Every structure is written in C-alpha cells, then in structure tokens.
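Small disclaimer: the values here were computed from a predicted structure and weren't measured.
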Amino acid sequence: MSTYERLNLLFDMETGDPDDVMTLCFLTSHPQVHLRAVTVTPGTYEQIGLVREVLHRCGRTDIPVGSHRPAHPKQCVSQFHYDWIGKVAPAEPDDLGHRVIAATVRAHPDLTVLTGAPLKNFASLDPDLRIARWVAQGGFAGDNVVPPAYRLPKFSGMVTCPTYNFNGAPQVAKHLLTTDRIGQRWLISKNVCHGMVYDATFHRRMEPVKAANPGMQLIYDGMAKYLRRRPEGKKFHDPLAACAAIDPDIIEFREVEVYRERGKWGSRLQSGTHTFISVTADRERFIKVFTTV
C-alpha cells in the first residue's frame, strides 16, 4: 500500500480508555480516511449516545453505529468522557455490531478494519465474509522478535504478556489471527504502544492545527484537560494504530505467528502467516500523520 492511500475504514472501539474517542475524532477528520462505520463494545446505550454526540459535533451523522450488547448492565463510559464531552443522552445503535461490520465489508471490499477494543463484535460474523485488511491495537512482541535496540525496559526479558483487547474475547481473537478470510493482519503491539505518549511536546504540535476541523479541536481540548490532571501524558495506543493504517511506514513490522499461553500473548517469527507485528515506531512520522489536516 502506498503512503497516504485513501482508506475506506471501519473502527471498532470502546469508551473506557480516552484514546478510543480521540481516535474517533481523528478518523472523522483526516483527509485520507473515509470513515464508513463505527462499532462499539459492549455498545451500551450510554456508549452509543457518546459516540453519536462526537460524530454529530464532527459533522458525520451519516455514519452507521453498531453495538455488541446495547442492554449491557453497566454504562461503560468513563467519567473523563463526560467531563470532556459533557453529559449526553443514551441512544440506540443502528444495528448489532456484527451486522454493521458485514454490511460495510460487503459495500467496500477494500475495507480496512481498525480494532481498538475486545473483539466481541466479530464473534458472529458470516464465516464466508472476507476482510481485506485488519489493523489491530493488540498483541505482544517479546525479546524473541524485537531487536535489542528497540526493547522498552519495562518489557525487557519478556516473551509473552497479557493484552487487554485480545483477552477480552480470546477465542474470537484466535480465529481472526488464523483465518484465511483476512488478507493481511497488522498488529500494533503493546510493547510499541507503551512507548508512544501524547505529552506536552505533542500538545504543542497540535496548536497550529487544532482549529482546522471539529475533530482536531475536540482532541486538543480533551488532551488539554487530561494533561492538567496527568502532566506525564497519555499512551496513545489506538491513535498509533489508526495512523499506521494510513501510513504503514510509521511502523517497523515482522511477520509472525501469534499464540496464547496461560492468558498471555506472544509471537514467534514465521513467514507466510500474513500477520505482521510492530517492533518499533517512528514518533516523528506518527505525529506528522496525526496532525495532517
């Protein structure tokens, strides 16, 4: 894929960690992205209300929103979101998430599916459905895959590690990681995401572009609020995956086989799997893509 190729993209998200909604704001606004649908896990009425409010503010009321389980007993929206966006009314999804995914894939055979949540919306997909490309925030590359120069100290000596998004629906994750119905899999792994932080320096880089569109302004305002509370910054897991979907040269990948062992995920070098995991990321290139308006 050439750098900055226009993307048809579906985003599967949650609303516990603020960076999912930051990613949603980004995807509504980036000039190289056609955001075609959003699915939410678990997809409570409160979550759907929040997502619809963000889409409305970004001028994207045309985007279908799917849910795995609208009647989930907890609201699943962090207080940060309400402090940032304001209290919004619960709302109905357009359909169940797996149906929204299937309809979007069929309408756009070249679709990139970006996932930043446990993979529950993919549990009931039609087995004959083919996804061209899956970019996932998830997985782990350990010392057996990552060159010494790229290893983060916190993960040094590790080969496996729990990862939230894959462990939220491990059997679904295993299926998606092995099925021949996905053309390519790009995993933006925990050991790389944890090294990519939105901090005060990143925030200053947002200054010239914050007013370019509603999505950028929402991100800037939200991160200003976040940095006042936590000046050390926020790990930007899902935004990194979104930017890698746009410009894969942000990431250095290795082709691997992914496995799960005692609740932890690992990877081993293996050709022919069509599964590629990140071993390092170019911070400057990431910021450049993120701030493109």
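For the atom pair Thr292 OG1 and Ile246 CD1, the distance stands at 8.0 Å (nearest 0.5 Å). With values rounded to the nearest 0.5 angstrom, Phe276 atom CZ is found 14.0 Å from Ser189 atom OG. Remark: Phe26 CZ to Cys58 SG distance equals 12.5 Å, nearest 0.5 Å. With values rounded to the nearest 0.5 angstrom, Asn167 atom CG is found 5.5 Å from Thr163 atom OG1. Interatomic distance, Met216 CE to Thr28 OG1, rounded to the nearest 0.5 Å: 8.0 Å. Interatomic distance, His30 NE2 to Leu9 CG, rounded to the nearest 0.5 Å: 11.5 Å.
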Determine, step by step, whether Arg133 and Thr112 satisfy the side chain to side chain donor-acceptor pair (under 3.5 Å) criterion, reporting the C-alpha distance in whole Å, the side-chain angles of both residues, the deciding distance to 0.1 Å, and the verdict. CA-CA 5 Å; Arg133 185 172 59 141; Thr112 292; 2.8 Å; yes
Could you give me the CA-CA distance, side-chain angles and deciding distance for Arg185 and Glu255, then say whether salt bridge (Lys or Arg N to Asp or Glu O under 4.0 Å) is met? CA-CA 10 Å; Arg185 291 171 279 258; Glu255 191 171 13; over 6 Å; no
Determine whether Arg254 and Glu252 satisfy the following criterion, salt bridge (Lys or Arg N to Asp or Glu O under 4.0 Å), listing intermediate values before the conclusion. CA-CA 7 Å; Arg254 297 288 188 275; Glu252 187 172 325; 2.9 Å; yes
If you apply the rule side-chain contact (heavy atoms from CB on, under 4.5 Å), what do you find for Val145 with Leu269, and how did you get there? CA-CA 6 Å; Val145 174; Leu269 295 172; 4.1 Å; yes
side-chain contact (heavy atoms from CB on, under 4.5 Å) evaluation trace for Thr23 with Phe290: CA-CA 10 Å; Thr23 304; Phe290 192 81; over 6 Å; no
Salt bridge (Lys or Arg N to Asp or Glu O under 4.0 Å) for Arg99 and Asp126? Distances and angles first, verdict last. CA-CA 9 Å; Arg99 293 176 183 164; Asp126 182 339; over 6 Å; no
After noting the C-alpha distance and the side-chain angles of Met223 and Lys234, does the key distance pass the side-chain contact (heavy atoms from CB on, under 4.5 Å) rule? CA-CA 8 Å; Met223 287 310 302; Lys234 172 77 184 73; 3.7 Å; yes
Applying side-chain contact (heavy atoms from CB on, under 4.5 Å), run through Ile277 and Val192 and close with a yes or a no. CA-CA 10 Å; Ile277 200 164; Val192 171; over 6 Å; no
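Side-chain contact between Glu14 and Val77 is absent, with no heavy atoms from C-beta onward closer than 4.5 Å. Counting only heavy atoms from C-beta outward, the side chains of His237 and Asp17 approach each other to under 4.5 Å. Looking at Val38 and Asp12, their side chains never come closer than 4.5 Å, going by heavy atoms from C-beta outward. Inter-residue side-chain proximity for Pro248 and Trp186 is flagged as met; some heavy-atom pair is nearer than 4.5 Å. Val100 has its side chain out of reach of Asn121: every pair of non-hydrogen atoms, C-beta onward, lies at least 4.5 Å apart. Considering only heavy atoms from C-beta on, Cys76 comes within 4.5 Å of Pro42 through its side chain. Proximity of Trp134 to Leu114: side-chain heavy atoms (C-beta onward) are nowhere separated by under 4.5 Å. Looking at heavy atoms from C-beta onward, Arg268 lies out of side-chain contact with Val256 at the 4.5 angstrom threshold.
Under the 4.0 Å criterion applied to side-chain N and carboxylate O atoms, Asp249 and Arg285 are assigned as salt-bridge partners. The pair Asp180-Arg130 does not count as a salt bridge, with every side-chain nitrogen at least 4.0 angstrom from each carboxylate oxygen. Classification of Asp19 and Lys235 as a salt-bridged pair fails, no side-chain N sitting under 4.0 Å from a carboxylate O. Between Arg36 and Asp110 no salt bridge is recorded (no basic side-chain N to carboxylate O distance below 4.0 Å). Contact check on Arg229 versus Asp83 returns a salt bridge, with a Lys/Arg side-chain nitrogen under 4.0 Å from an Asp/Glu carboxylate oxygen. Ion pair Glu53/Lys87 not flagged as a salt bridge, since none of the NZ, NE, NH1 or NH2 atoms sits closer than 4.0 Å to an Asp/Glu carboxylate oxygen.
For the residue pair Phe166 and Gly139, the shortest heavy atom distance occurs at CE1-N, 3.4 Å. Considering every non-hydrogen atom in both Ala132 and Pro109, the closest pair reads CB-O, 3.5 Å. The minimum heavy-atom distance between Cys193 and Gln137, with the atom names listed, is SG-NE2, 3.6 Å. Contact detail for Ala245 and Val135: the closest heavy-atom pair is CB-CG2, 4.0 Å.
A distance-only check finds no donor-acceptor pair linking the side chain of Ser278 to the backbone of Thr280 [under 3.5 Å]. In terms of modelled atom types and a separation under 3.5 Å, the side chain of Thr179 and the main chain of Leu176 share no donor-acceptor contact. Of the possible donor and acceptor atoms, none in the side chain of Lys288 sits under 3.5 Å from a partner among the backbone N and O of Arg283. Proximity of a side-chain donor or acceptor of Arg57 to a complementary backbone N or O of Ile85 within less than 3.5 Å is detected. Panel note: side chain Arg69, backbone Lys120; no donor-acceptor pair is recorded below 3.5 Å. Asn165 contributes no side-chain N or O that, together with a main-chain N or O of Gly138, makes up a donor-acceptor pair within less than 3.5 Å.
Under the 3.5 Å distance criterion, with hydrogens and angles disregarded, no donor-acceptor pair is assigned to the side chains of Asn191 and Arg151. Between the side chains of Tyr220 and Glu207, at least one donor N or O lies within less than 3.5 Å of an accepting N or O. Defined by atom type and a distance below 3.5 Å, a donor-acceptor pair is present between the side-chain atoms of Thr15 and Gln47. Using modelled atom types, one finds a donor on one side chain and an acceptor on the other under 3.5 Å when comparing Gln217 with Asp221. Between the side chains of Thr160 and Trp265, no donor-acceptor pair of N or O atoms lies under 3.5 Å.
In the hydrophobic clustering of ILVMFWY residues, with side-chain heavy atoms under 4.5 Å counting as a link, Ile251 and Val33 come out together. Linking Ile, Leu, Val, Met, Phe, Trp and Tyr residues whenever their side-chain heavy atoms come within less than 4.5 Å places Ile219 and Trp84 in a single cluster. No continuous path of ILVMFWY side-chain contacts below 4.5 Å connects Leu187 to Val159, so the two sit in separate hydrophobic clusters. Both Val113 and Val258 are members of a single hydrophobic cluster when ILVMFWY side chains are connected at heavy-atom separations under 4.5 Å. Linking ILVMFWY residues whenever their side-chain heavy atoms come closer than 4.5 Å, directly or via other members, places Leu35 and Val289 in the same cluster.
Close placement of the Tyr198 and His203 rings is indicated, their centers lying within 6.0 Å of each other. Residues Tyr259 and Phe140 place their aromatic rings such that the two centres sit no closer than 6.0 Å. Aromatic ring centres of Phe155 and His194 lie closer together than 6.0 Å.
Within 6.0 Å of the NZ atom in Lys210, the count of heavy atoms belonging to other residues, nucleotides or ligands exceeds 12. When the shell of 6.0 Å around NE2 of His56 is examined, it contains 12 or fewer heavy atoms from other residues, nucleotides or ligands.
Just one of Thr41, Leu177, Val172 meets the side chain to side chain contact (heavy atoms under 4.5 Å, CB included) condition when paired with Leu119; it is Val172. Of the candidates Thr291, Asp247, Ile250, Phe286 forms a side chain to side chain contact (heavy atoms under 4.5 Å, CB included) with just one, namely Ile250.
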